[in-house]
Amino acid sequence: MMKKTVALMAAALFCAGAALGGMFSEDPGELAVSGQFWLPGEGDSDLFDTGYGATVSYREWFRFPWGAGLNLGVAQWQVDSSSQAYKWKQITDYDGDATLLFAGPALYFNVIDWDSWNLTIETGVQYVYIDSGVEVELEGRTQSVDIDDAILWHIGLEYEYMLGENLFVLGGAGYQVDLMPADTEYGPGSLRDTYLHGAFFRLGAKFLF
């Protein structure tokens with residue numbers, strides 16, 4: 001299911017980029033596809049332990065070194081079994097995972113534009129839809145946890161190395177914070193908000209077209 005979702009999102013973004021290419025600039029549009037890994041939160045105050053997924057990005061340089069684009073992605077985040085995220089002693093045995101679908105605009109600044117490599121700062125916001133498979137135990141009974149949508153802000157640094165005229169390999173890292181944490185509920189009622197802040201790392205390829 002996840003592979004199909006990623007493929008559909010990639011196809012949709014590619015078509016949108018091809019249709020809008022040259023809207024902001026006469027330079028070629030850029031399509032990047034990357035795998036991404038997250039290290040969410042700090043300690044047992046956060047629900048998740050690790051996350052992994054894929055991101056597809058379209059970008060144009062409207063006034064170099066400034067650029068703008070759109071990010072789409074899907075991820076699977078694993079619950080930290082030792083978490084105490086909801087700060088309620090009667091809640092035990094955190095388990096499960098969550099599927100995250102995210103989308104949002106980004107702004108880019110090219111710090112270094114060398115013959116064969118680039119260094120770019122990226123920042124942006126993302127709307128995140130969360131399909132929760134998280135469960136906790138309350139007084140011996142398993143309770144499903146419903147996690148609402150969230151909004152994130154991120155900043156990162158990306159290195160790109162040219163392999164061919166229209167092909168780059170890329171690697172990057174950054175950090176994301178919650179502008180709007182996710183409302184959270186379970187059977188008996190409301191819980192503390194769920195946070196998605198943390199570090200991320202990515203590795204992938206960029207194509208010019």
Side-chain angles (χ1 to χ4, degrees), residues 2-3 5-41 50-77 100-128 150-179 196-209:
M2 181 176 292
K3 291 181 179 179
T5 301
V6 173
L8 290 173
M9 293 174 68
L13 187 58
F14 181 83
C15 292
L20 297 175
M23 177 174 289
F24 303 113
S25 169
E26 295 180 356
D27 294 333
E30 301 180 355
L31 183 72
V33 181
S34 57
Q36 194 154 318
F37 178 76
W38 286 264
L39 290 174
T50 57
Y52 62 91
T55 302
V56 184
S57 304
Y58 177 75
R59 176 170 62 196
E60 284 190 18
W61 299 98
F62 61 89
R63 188 182 293 274
F64 195 84
W66 293 98
L70 176 67
N71 295 322
L72 296 176
V74 60
Q76 193 84 11
W77 282 33
L100 280 58
L101 301 176
F102 51 91
L107 183 67
Y108 303 90
F109 180 77
N110 187 284
V111 181
I112 299 176
D113 180 27
W114 207 247
D115 291 338
S116 60
W117 60 276
N118 302 307
L119 193 64
T120 303
I121 296 174
E122 173 190 350
T123 187
V125 294
Q126 294 177 340
Y127 170 82
V128 186
I151 297 177
L152 303 175
W153 169 79
H154 71 274
I155 187 168
L157 189 65
E158 187 172 276
Y159 172 82
E160 302 169 348
Y161 182 79
M162 180 184 290
L163 296 179
E165 183 178 358
N166 296 314
L167 175 63
F168 291 76
V169 64
L170 65 86
Y175 196 84
Q176 63 189 37
V177 297
D178 298 81
L179 295 180
L196 304 175
H197 58 272
F200 62 83
F201 307 88
R202 65 172 63 133
L203 184 66
K206 184 182 80 170
F207 308 89
L208 308 185
F209 61 95

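We count residues from 1, following the sequence as given.
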Nearest heavy-atom neighbours spanning Ser57 and Tyr108:
CB-OH, 4.4 Å

Could you give me the CA-CA distance, side-chain angles and deciding distance for Leu72 and Tyr58, then say whether side chain to side chain contact (heavy atoms under 4.5 Å, CB included) is met?
CA-CA 9 Å; Leu72 296 176; Tyr58 177 75; over 6 Å; no

Return the minimal non-hydrogen interatomic distance between Leu170 and Ala32, and the atom names on each side.
CD2-CB, 3.9 Å

Students often mix this up, so state it plainly: with edges at 30° and 60°, are the rings of Trp38 and Phe102 parallel, tilted or perpendicular?
perpendicular

Whether the side chain of Asn118 engages the backbone of Asp113 through a donor-acceptor N/O pair (distance < 3.5 Å, no angle test) should be reported.
no

Establish, yes or no, whether the cationic atom of Arg202 lies under 6.0 Å from the six-membered ring centre of Phe37 and within 45° of the ring axis.
no

For Ala205 and Leu167 the tightest heavy-atom approach is CB-CD1, 4.3 Å

Give the C-alpha distance, both sets of side-chain angles, the deciding distance and a yes or no for side chain to side chain contact (heavy atoms under 4.5 Å, CB included) between Asp178 and Leu152.
CA-CA 5 Å; Asp178 298 81; Leu152 303 175; 3.5 Å; yes

Anything under 30° is parallel, anything over 60° is perpendicular, the rest tilted; go ahead and classify His154 against Phe200.
perpendicular

All heavy atoms of Pro40 vs all of Gly51, minimum pair found to be CD-N, 4.4 Å

Might you work through the side chain to side chain contact (heavy atoms under 4.5 Å, CB included) test for Asn166 and Phe207, ending with a clear yes or no?
CA-CA 6 Å; Asn166 296 314; Phe207 308 89; over 6 Å; no

Between Phe201 and Leu39, is there a side-chain heavy-atom distance shorter than 4.5 Å?
yes

Knowing that exactly one of Val125, Leu196, Ile155 qualifies, which makes a side-chain contact (heavy atoms from CB on, under 4.5 Å) with Gln176?
Leu196

Which pair of non-hydrogen atoms, one from Trp61 and one from Glu30, has the smallest distance, and what is that distance?
NE1-OE2, 2.9 Å

About how many Å separate CD of Gln126 and CG of Leu100, when rounded to the nearest 0.5 Å?
10.0 Å

Would Thr120 and Val111 count as a side chain to side chain contact (heavy atoms under 4.5 Å, CB included) here? Give the steps.
CA-CA 5 Å; Thr120 303; Val111 181; over 6 Å; no

Describe, in one word, how the ring planes of Tyr161 and Tyr159 are oriented to each other, choosing from parallel (under 30°), tilted (30 to 60°) and perpendicular (over 60°).
parallel

Supply the atom-to-atom distance Ile121 CD1 to Ile112 CD1, rounded to the nearest 0.5 angstrom.
10.0 Å

Would you give the length of the straight line joining atom CG of Asn110 to atom CD of Glu158, rounded to the nearest 0.5 angstrom?
10.5 Å

With no hydrogens and no angle check, do the side chains of Gln36 and Thr55 hold a donor and an acceptor under 3.5 Å apart?
yes

So, Thr50 and Trp77: side-chain donor and acceptor under 3.5 Å apart, yes or no?
no

If we ignore angles and hydrogens, is there a donor and acceptor under 3.5 Å between the side chains of Glu122 and Asn71?
yes

